[in-house]
Amino acid sequence: MGLYEDLTRRGLIAQVTDEAEISKMINAGKATFYIGFDPTADSLHVGHFMALCLMKRLQMAGNKPIVLIGGGTGMIGDPSGKSDMRKMLTPETIQHNCDCFKKQMSRFIDFGEDKAIMVNNADWLMSLNYIDVLREVGACFSVNKMLTFECYKQRMERGLTFLEFNYMIMQSYDFYMLFQKYGCNMQFGGDDQWANMLGGTELIRKKLGKDAHAMTITLLLNSEGKKMGKTEKGAVWLDPEKTSPYDFFQYWRNVGDADVIKCMKLLTFIPIEDIEEMERTLQGAELNIAKEKLAYSLTELVHGKEEADKCLEAAKNIFGGGGNSADMPSTEIPAAELEDGAIGILDLLVKTKLAPSKGEGRRLVQQGGISVDDVKITDPNAKIALDNEVVIKKGKKVFHKAVKA
RNA sequence: GGAGGAGUUCCCGAGUGGCCAAAGGGGGCAGACUGUAAAUCUGUUGCUUUUCAGCUUCGAUGGUCCGAAUCCAUCCUCCUCCA
């Protein structure tokens with residue numbers, strides 16, 4: 001089975017400009033393709049992860065990836081799919097974020113000799129001359145046509161600044177530049193990027209009379225149509241400092257039944273045959289097997305085998321009974337903060353960040369949501385003796401260890 | 001540039017002098033039910049406090065008043081119509 005067929009079967013491909021041509025090119029490892037990343041935060045998150053996986057798959061098949069960091073376009077902000085204007089980032093922040101991206105990506109992509117390159121569009125966008133751009137590129141875009149695109153339609157209601165309106169032109173220009181400088185003949189991106197990407201292929205055709213291709217990846221949506229990889233606390237990050245491997249693992253362990261198989265297909269490198277087999281055979285509670293595989297596999301990809309093993313082990317210990325584990329998240333409590341070797345339950349909850357305030361902690365206790373070493377705590381004034389360590393359980397599935405230090 | 005309108009808690013959105021820490025909905029958290037799922041039902045949802053109560057919060061800053069989200073002034077931001 002060719003790469004393209006595998007991608008199709010996994011449901012990764014959303015839209016393509018020329019199926020036959022693209023399929024032929026990537027199966028043969030002839031594509032030089034790029035994916036753009038806007039440096040809006042100092043870590044990649046799950047939303048970027050699919051793109052990284054795709055790059056990896058393609059690279060393994062011999063294609064050459066170009067990672068385009070949007071140091072220049074990041075200064076504008078993509079209006080697609082956003083209801084409000086994004087706040088502008090300072091050049092310093094953008095630079096910092098770019099650096100962080102680079103570091104994280106090298107885990108997935110082999111940047112070895114001629115294998116892949118990383119470029120920053122600030123390198124050419126920043127020095128552009130307004131008049132030149134208008135003459136050279138501006139003439140190729142029809143405002144009438146742009147305004148008919150879905151991504152702008154929504155914003156026509158709420159207002160769209162000229163700044164944001166230009167995002168598409170910048171992105172098209174990127175493709176045009178990459179095509180000329182590196183022979184980049186294909187662009188990949190999220191499905192919400194389709195219009196922007198087509199802008200690039202058209203610009204190349206108009207300016208150079210050559211064909212370039214674009215392909216979009218299915219957006220990772222859950223069964224309710226919401227973007228995945230977001231929690232109330234924010235995005236699920238790939239940076240272990242921002243989202244601990246344990247939390248990362250648990251996020252995937254807890255996806256809804258309806259989403260497990262889809263996530264496996266889209267995100268993991270588990271052979272498609274195996275996934276389809278699971279899809280056929282696993283029913284109801286058995287899906288937990290698949291969830292565990294999903295969580296393990298992704299944690300392994302992002303944080304390495306060692307961490308993944310730890311997370312799996314921790315989960316087994318915690319949820320399989322026992323309720324103790326060396327690898328559950330923990331907080332050290334300095335001995336100096338103990339009174340007679342004990343600490344008030346509310347203080348403990350706040351210290352371990354299980355509750356943001358004492359008031360909320362009190363509520364949790366009163367509603368029966370807190371256990372310490374498997375003993376339910378019902379008195380907000382309870383003192384917890386901390387000889388060595390205790391395991392605090394909040395709700396059904398949040399475990400945390402407090403260790404005397 | 002001119003004329004109007006709007007800014008309320010995580011989000012949407014009520015509230016036009018005291019009964020307002022502020023209706024309702026969404027979201028979140030917890031409980032029941034379960035499979036670490038979904039759906040449903042219940043409770044809860046500014047901070048401190050056992051209680052009483054205190055403190056901070058309705059775009060910003062000043063003011064009127066015993067008392068202001070609510071009235072006045074100035075400023076900031078956004079929207080609509082006209083140019």
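Every chain is numbered from 1 and lettered A, B, ... according to where its sequence line falls, protein lines coming before strand lines.
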Can you work out whether A/Gly369 or A/Leu346 has the more 5'-proximal nearest nucleotide on RNA chain B?
A/Gly369
More 5' along RNA chain B: A/Glu360 or A/Lys376, using each one's nearest nucleotide?
A/Lys376
Within the structure shown, what part of the strands sits under 4.0 Å from [X] by heavy-atom distance: base, sugar-phosphate, or nothing?
X: A/Val260; answer: nothing
X: A/Arg253; answer: base
X: A/Lys358; answer: sugar-phosphate
X: A/Gln250; answer: base

Which nucleotide, in any strand shown, forms a Watson-Crick or G-U wobble pair with [N], with both distances under 3.5 Å?
N: B/C81; answer: B/G2
N: B/A14; answer: none
N: B/U51; answer: none
N: B/A73; answer: B/U61
N: B/A32; answer: B/U40
N: B/A23; answer: none

In whole angstroms, how far is the [atom2] atom of [N] from the [atom1] atom of [X]?
X: A/Lys394; N: B/U44; atom1: NZ; atom2: C1'; result: 13 Å
X: A/Arg362; N: B/A30; atom1: CZ; atom2: P; result: 18 Å
X: A/Gln367; N: B/G31; atom1: CD; atom2: P; result: 8 Å
X: A/Asp347; N: B/U48; atom1: CG; atom2: P; result: 10 Å
X: A/Gln366; N: B/U51; atom1: CD; atom2: C1'; result: 12 Å
X: A/Asp257; N: B/U34; atom1: CG; atom2: P; result: 16 Å
X: A/Leu349; N: B/A30; atom1: CG; atom2: P; result: 12 Å
X: A/Lys291; N: B/A37; atom1: NZ; atom2: P; result: 7 Å

Among side-chain atoms of A/Asp191 and A/Gln15, is any donor-acceptor pair under 3.5 angstrom?
yes
Does any donor atom in the side chain of A/Thr32 or A/Asn185 lie under 3.5 Å from an acceptor atom in the other side chain?
no
Taking only N/O atoms, report every protein-nucleotides 52-56 of chain B pair under 3.5 Å with atom names and distance.
none

Are any of [X]'s side-chain N or O atoms less than 4.0 Å away from OP1 or OP2 of [N]?
X: A/Arg363; N: B/G43; value: no
X: A/Lys397; N: B/A37; value: yes
X: A/Ser357; N: B/G46; value: no
X: A/Lys396; N: B/G31; value: yes

I'd like the [atom1] distance from [M] over to [N], given in whole Å.
N: B/U61; M: B/C12; atom1: C1'; value: 28 Å
N: B/C11; M: B/U45; atom1: C1'; value: 14 Å
N: B/G62; M: B/A68; atom1: P; value: 15 Å
N: B/G2; M: B/C75; atom1: P; value: 13 Å
N: B/U48; M: B/G15; atom1: P; value: 32 Å
N: B/U77; M: B/A60; atom1: P; value: 15 Å
N: B/U57; M: B/A69; atom1: C1'; value: 10 Å
N: B/U40; M: B/A22; atom1: P; value: 28 Å

Tell me the closest heavy-atom pair linking A/Ser172 and A/Leu203, and the distance in Å.
O-CD2, 3.7 Å
Taking every non-hydrogen atom, the tightest pair across A/Lys56 and A/Ile109:
N-CD1, 4.0 Å
Under the side-chain contact (heavy atoms from CB on, under 4.5 Å) test, which residues partner A/Cys311, sequence neighbours left out?
A/Pro245, A/Phe249, A/Thr299
Side chains of A/Phe37 and A/Thr73: closer than 4.5 Å at any heavy-atom pair?
no
Nearest 0.5 Å, please: how far is CE in A/Met278 from CD1 in A/Ile289?
9.5 Å
Counting the benzene-type ring for Trp, do A/Tyr34 and A/Phe188 have ring centres under 6.0 Å apart?
no
Using a strict threshold of under 4.0 Å (side-chain N to carboxylate O), is an ion pair present between A/Glu332 and A/Lys404?
no
Which is it for A/Lys351 and A/Ile333 under the side chain to side chain contact (heavy atoms under 4.5 Å, CB included) test, yes or no, and what are the steps along the way?
CA-CA 8 Å; A/Lys351 283 249 171 358; A/Ile333 307 290; 3.9 Å; yes
